[in-house]
Amino acid sequence: MTTIIRPMKEEDIFDVLVLAREFSKEAPETHKWDKDKTNNFLYSALAAPNMEVFVIDSNKEITGFIVGIITEMFASNKVIASELAWFVTREARGTPSSIKLIKTFEKWAKQNGSNYCVVADIKGITDLKRLYTRMGYKSTETSYIKGL
């Protein structure tokens with residue numbers, strides 16, 4: 001089996017949409033899937049110079065993705081690459097391709113001037129604390145959400 005991590009192409013958008021829908025099924029209410037919004041977002045990401053979507057391509061089947069954006073911090077000149085979304089199918093979780101996906105995101109971030117990478121762990125899907133810690137990440141903030 002040949003598995004590679006590569007930038008998303010336009011022809012991958014349908015497969016990433018399917019994965020985004022699967023992600024939504026596992027995610028909290030705030031992350032529920034809107035096909036048109038997600039589709040438009042992915043096309044925007046393809047065109048944006050500060051964004052990238054990487055996919056896990058396992059024998060021409062997309063089994064995961066990560067969306068990243070590079071911005072400056074609010075109150076400093078530090079540049080950060082933030083993971084906006086990432087999802088790997090249940091079958092691909094825990095495989096080397098998951099780690100390679102994050103490492104590819106980190107490499108892209110560094111090549112594009114980032115000083116830091118920021119990743120998230122959504123409660124209720126998979127506890128990623130151990131993975132992130134093992135990869136050198138440290139917890140720096142906690143997010144809270146409230147419906148209005």
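- Within a 6.0 Å radius of CD in Glu61, no more than 12 heavy atoms belonging to other residues, nucleotides or ligands are found.
- In this structure, the side chains of Val88 and Phe65 stay at 4.5 Å or more apart for every pair of heavy atoms.
- Separation of atoms CG (Asn115) and NZ (Lys110) is listed at 11.0 Å; rounding is to 0.5 Å.
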Check step by step if side-chain contact (heavy atoms from CB on, under 4.5 Å) holds for Ile102 and Trp86. CA-CA 9 Å; Ile102 296 174; Trp86 81 288; 3.5 Å; yes
Between Lys78 and Tyr116, is the side-chain contact (heavy atoms from CB on, under 4.5 Å) condition met? List the steps. CA-CA 8 Å; Lys78 299 296 182 187; Tyr116 299 96; 4.1 Å; yes
Could you walk me through whether Ile5 and Val55 pass the side-chain contact (heavy atoms from CB on, under 4.5 Å) test, one step at a time? CA-CA 6 Å; Ile5 309 301; Val55 297; over 6 Å; no
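- Sorted pairs that involve residues 36-54 and meet salt bridge (Lys or Arg N to Asp or Glu O under 4.0 Å), not counting sequence neighbours, are lacking altogether.
- If you take SG on Cys117 and NZ on Lys103, they are separated by 11.0 Å, rounding to the nearest 0.5 Å.
- Remark: the backbone N or O of Trp108 is paired with a side-chain donor or acceptor of Asn112 at under 3.5 angstrom.
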List the steps, then state whether side-chain hydrogen bond (donor to acceptor under 3.5 Å, both in side chains) holds for Thr3 with Ser97. CA-CA 7 Å; Thr3 299; Ser97 59; 5.8 Å; no
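- Counting heavy atoms from C-beta outward, Asn39 and Leu17 have side chains that approach closer than 4.5 Å.
- No side-chain heavy atom of Lys107 sits under 4.5 Å from any side-chain heavy atom of Phe54.
- For Met135, the CE atom sits in a packed shell: over 12 heavy atoms of surrounding residues, nucleotides or ligands are nearer than 6.0 Å.
- Summarising the local packing, OH of Tyr137 is surrounded by more than 12 heavy atoms from other residues, nucleotides or ligands at distances under 6.0 Å.
- No hydrogens or angles considered: nothing links the side chains of Thr63 and Thr89 as a donor-acceptor pair under 3.5 Å.
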Please evaluate residues Asp57 and Met8 with respect to the criterion side-chain contact (heavy atoms from CB on, under 4.5 Å), reporting the C-alpha separation (whole Å), side-chain torsions for both, the decisive distance (0.1 Å), and the verdict. CA-CA 9 Å; Asp57 182 337; Met8 179 185 73; over 6 Å; no
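- Taking 4.5 Å as the limit, some side-chain heavy atom of Glu10 sits within range of a side-chain heavy atom of Tyr43.
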